[in-house]
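Structure record follows, encoded as structure tokens.
Note that the numbering runs from 1 along the sequence shown for the chain. Please read all numbers here as calculations on a predicted model, not as lab measurements. Every number for a ligand or one of its atoms is a count from 1 in the order of the listing.
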Amino acid sequence: SRKHKVAVIGSGNWGTTIAKVIAENTKEHGDIFEPEVHMWVFEEEYSIPKDSKHASSELASGKQKLTHLINSLHENFKYLPGIALPHNVVATPDIAEAAKGATILIFNLPHQFIARACQNLQGKIVPYARGISCIKGVEVSDEGCELFSDSIGQKLGIYCGALSGANIANEIALEKFSETTVAYDPPAMDSQNPTPQGSPKSSSTDLPKLVFEDKPAPTKQKSHIQPLPSEFPPLHHKNMKKLFHRPYFHVRMVSDVAGVSLGGALKNIVALAAGFVDGLGWGDNAKAAVMRVGIMESVRFGKTFFADSVRTETFTEESCGVADLITSCSGGRNFRCAKMSVQEGKPIAEIEERELNGQKLQGTSTAYEVHSFLVKQGMERDFPLFTAVWSILEDKNRPEDIPHLLEPATAEK
Ligand code: NAD
Ligand code: 13P
């Protein structure tokens with residue numbers, strides 16, 4: 001039987017980390033996956049820093065192509081410095097080449113770059129490939145608000161699930177324990193590929209009282225999907241889990257693709273609000289208050305606009321929900337940059353440029369995208385925290401106004 005070839009589309013801080021996780025697993029589960037993992041790198045030139053353990057390498061004299069550095073020294077010096085990558089991660093500058101022959105495509109890019117990446121992949125991928133989107137963001141257009149899992153699926157004619165969790169990349173790269181949620185609900189026509197139904201009792205840390213029925217979520221993706229040929233190992237929850245689960249990275253499989261995708265996208269707006277109040281020196285109670293309203297608005301957003309599929313439990317019980325909100329509001333980039341922007345009285349874009357060495361904030365653009373969608377729906381007043389973050393980014397309000405702007409939400413019950 002044939003084995004699954006896996007490609008990672010993206011090579012930033014999280015993209016490189018997930019390539020490491022996957023490459024460890026493809027090596028370990030050679031009965032299901034081909035060991036080599038191609039990682040698409042948006043090519044650029046980079047110099048090995050003087051404090052790197054590779055500073056004495058002959059490649060350290062001047063700028064080199066990032067792909068050459070990764071393939072020669074097995075480190076992504078720019079986006080994941082100091083972390084040794086497995087040698088079966090192969091950096092590839094040509095996106096079509098990276099995806100060639102892959103039956104599993106992992107999308108892991110800042111959300112502003114995904115449309116172009118999909119354009120470049122159209123007609124060049126295996127037609128029965130399956131995707132997983134690790135992207136935290138939503139795609140807002142004239143037609144409405146779309147999940148990246150859905151829009152990738154539509155653009156490429158494949159089925160695409162989602163991975164999201166309380167996952168600060170650097171911690172996972174250092175193999176510090178964390179959990180994640182993978183939403184995967186493949187088409188029923190893959191008859192040799194049944195998705196196990198029932199509770200996702202997948203992690204040793206499950207508590208009985210948290211077990212719930214995981215009903216499959218209807219998605220609009222399934223009509224155009226080609227069945228996976230029977231010579232491949234089936235891609236049900238058990239095998240998908242093997243691609244991501246590590247002793248330090250525990251995976252829970254669910255079917256609520258919309259809930260998983262939205263949790264990760266919307267918490268980035270909340271993390272900006274947490275950074276704003278922390279930057280004012282207002283303390284943990286203020287931060288907890290914006291987090292409470294933030295999770296409430298995230299659930300409301302899901303239940304209002306993705307009513308047929310989102311489950312509240314995805315937000316309250318899975319890593320991709322409240323746990324991601326907590327970690328992101330503690331040490332995420334959106335939180336840290338928003339806090340510095342208030343402390344220094346500078347625009348957040350300037351802090352992003354100065355602090356992140358090319359990494360991209362997702363919360364600022366998501367705040368604008370969600371706001372423009374809410375305005376079209378005439379519902380911005382129903383989401384006072386999301387609206388307040390937009391208004392502060394636009395300089396129409398100050399972070400000090402947050403309590404007042406949340407008044408309808410906090411006084412509600
Ligand atoms: P990042 O913030 O490190 O961004 C850098 C990446 O963007 C690099 O791969 C760079 O090559 C690429 N890039 C820059 N300009 C580009 C262009 N014009 N076209 C295409 N690519 C370009 O990226 P990341 O941290 O890997 O984030 C990817 C996604 O994962 C985001 O949606 C993010 O929210 C999510 N995420 C990140 C983390 C984290 O801790 N970093 C954790 C979980 C989820
Ligand atoms: P930031 O992009 O704000 O760093 O958040 C990372 C993340 O998504 C943690 O789960």
Distance to 0.1 Å, residue and atom name: give those for the protein heavy atom nearest to [atom].
atom                    : result
atom 10 (O) of ligand 2 : Asp324 OD1, 2.6 Å
atom 42 (C) of ligand 1 : Asn167 O, 2.9 Å
atom 3 (O) of ligand 2  : Asn334 ND2, 2.7 Å
atom 11 (O) of ligand 1 : Phe42 CB, 3.4 Å
atom 4 (O) of ligand 2  : Arg333 N, 2.7 Å
atom 6 (C) of ligand 2  : Lys267 NZ, 3.8 Å
atom 2 (O) of ligand 1  : Lys360 N, 2.7 Å

Item to check | Test applied, side-chain contact (heavy atoms from CB on, under 4.5 Å); reference residue, Lys267; option that passes from Ser298, Ser328, Cys320, Ser164 | outcome: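 Exactly one option meets the side-chain contact (heavy atoms from CB on, under 4.5 Å) with Lys267, and it is Ser328.
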Next on the checklist: Heavy-atom distances under 4.0 Å decide this one: backbone, side chain, both or neither, for Gln362 against ligand 1?
Outcome noted: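 Answer for Gln362: side chain.
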Looking at [Y] and [X], is there a salt bridge between them, counting it only when a charged N and a carboxylate O are closer than 4.0 Å?
X      : Y      : value
Lys346 : Glu353 : no
Lys78  : Glu44  : yes
Glu28  : Arg246 : yes
Glu139 : Lys155 : yes

I'd like to check which ligand 1 atoms, numbered from 1 as shown, lie under 4.0 Å from a non-hydrogen atom of [X].
X      : result
Leu109 : 28 (C), 29 (C), 31 (C), 32 (O)
Ile168 : 40 (O)
Ser11  : 9 (O)

Checklist entry - Sub-3.5 Å donor-acceptor pair from the side chain of Lys50 to the main-chain atoms of Ala55, do we have one? => result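 No, because the side chain of Lys50 does not come within donor-acceptor range (under 3.5 Å) of the backbone of Ala55.
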Item to check | Non-hydrogen atom of Cys134 closer than 4.0 Å to ligand 1 | outcome: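 Yes, that is the case, since the closest heavy atom of the residue is under 4.0 Å from the ligand.
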Checklist entry - Non-hydrogen atoms of Lys78 versus ligand 1: any pair closer than 4.0 Å? => result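 Outside the 4.0 Å threshold, so no.
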Backbone or side-chain N or O of [X] under 3.5 Å from ligand 1 N or O:
X      : answer
Ile135 : no
Asn108 : yes
Trp40  : no
Asn268 : no
Arg333 : yes
His111 : no

Checklist entry - So, does Ser328 sit close enough to ligand 2 that a heavy atom of it is under 4.0 Å from the ligand? => result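 Yes; Ser328 lies near enough to ligand 2 that a heavy-atom distance drops under 4.0 Å.
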Item to check | contact_flag Gly331 ligand 2 heavy-atom lt 4.0 Å | outcome: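 No, that is not the case, since the closest heavy atom of the residue is not under 4.0 Å from the ligand.
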Checklist entry - Are Glu352 and Gln359 close enough that a side-chain donor and a side-chain acceptor fall under 3.5 Å? => result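 No donor-acceptor contact under 3.5 Å links the two side chains.
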Checklist entry - Taking all non-hydrogen atoms of both residues, which atom of Gly259 and which atom of Thr314 are closest, and how far apart? => result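 Heavy atoms of Gly259 and Thr314 come nearest at C-CG2, 3.7 Å.
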Which of the numbered atoms in ligand 2 are under 4.0 angstrom from any heavy atom belonging to [X]?
X      : value
Lys136 : 7 (C), 8 (O), 9 (C), 10 (O)
Gly332 : 3 (O), 4 (O)
Asn167 : 9 (C), 10 (O)

For the atom pair [atom1] ([X]) and [atom2] ([Y]), what is the distance rounded to the nearest 0.5 Å?
X      : Y      : atom1 : atom2 : result
Lys63  : Glu45  : NZ    : CD    : 7.0 Å
Leu109 : Ile114 : CG    : CD1   : 4.5 Å
Arg292 : Ile295 : CZ    : CD1   : 11.5 Å

Checklist entry - Out of Pro110, Gly10, Gly264, whose heavy atom is nearest to atom 7 (O) of ligand 1? => result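 It is Pro110 whose heavy atom sits nearest to atom 7 (O) of ligand 1.
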Item to check | The one among Trp14, Phe107, Phe113, Tyr79 that brings a heavy atom closest to atom 22 (C) of ligand 1 | outcome: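 Selected option, by shortest heavy-atom distance: Phe113.
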Item to check | Gln362 and ligand 2 - part of the residue with a heavy-atom distance under 4.0 Å | outcome: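 Neither part.
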Checklist entry - Does the pair Glu146 and Ser141 meet the rule for a side chain to side chain donor-acceptor pair (under 3.5 Å), with working shown? => result CA-CA 8 Å; Glu146 210 173 5; Ser141 66; 5.7 Å; no
Item to check | Stepwise side chain to side chain donor-acceptor pair (under 3.5 Å) test for His111 and Glu369 | outcome: CA-CA 11 Å; His111 78 285; Glu369 287 150 6; 2.9 Å; yes
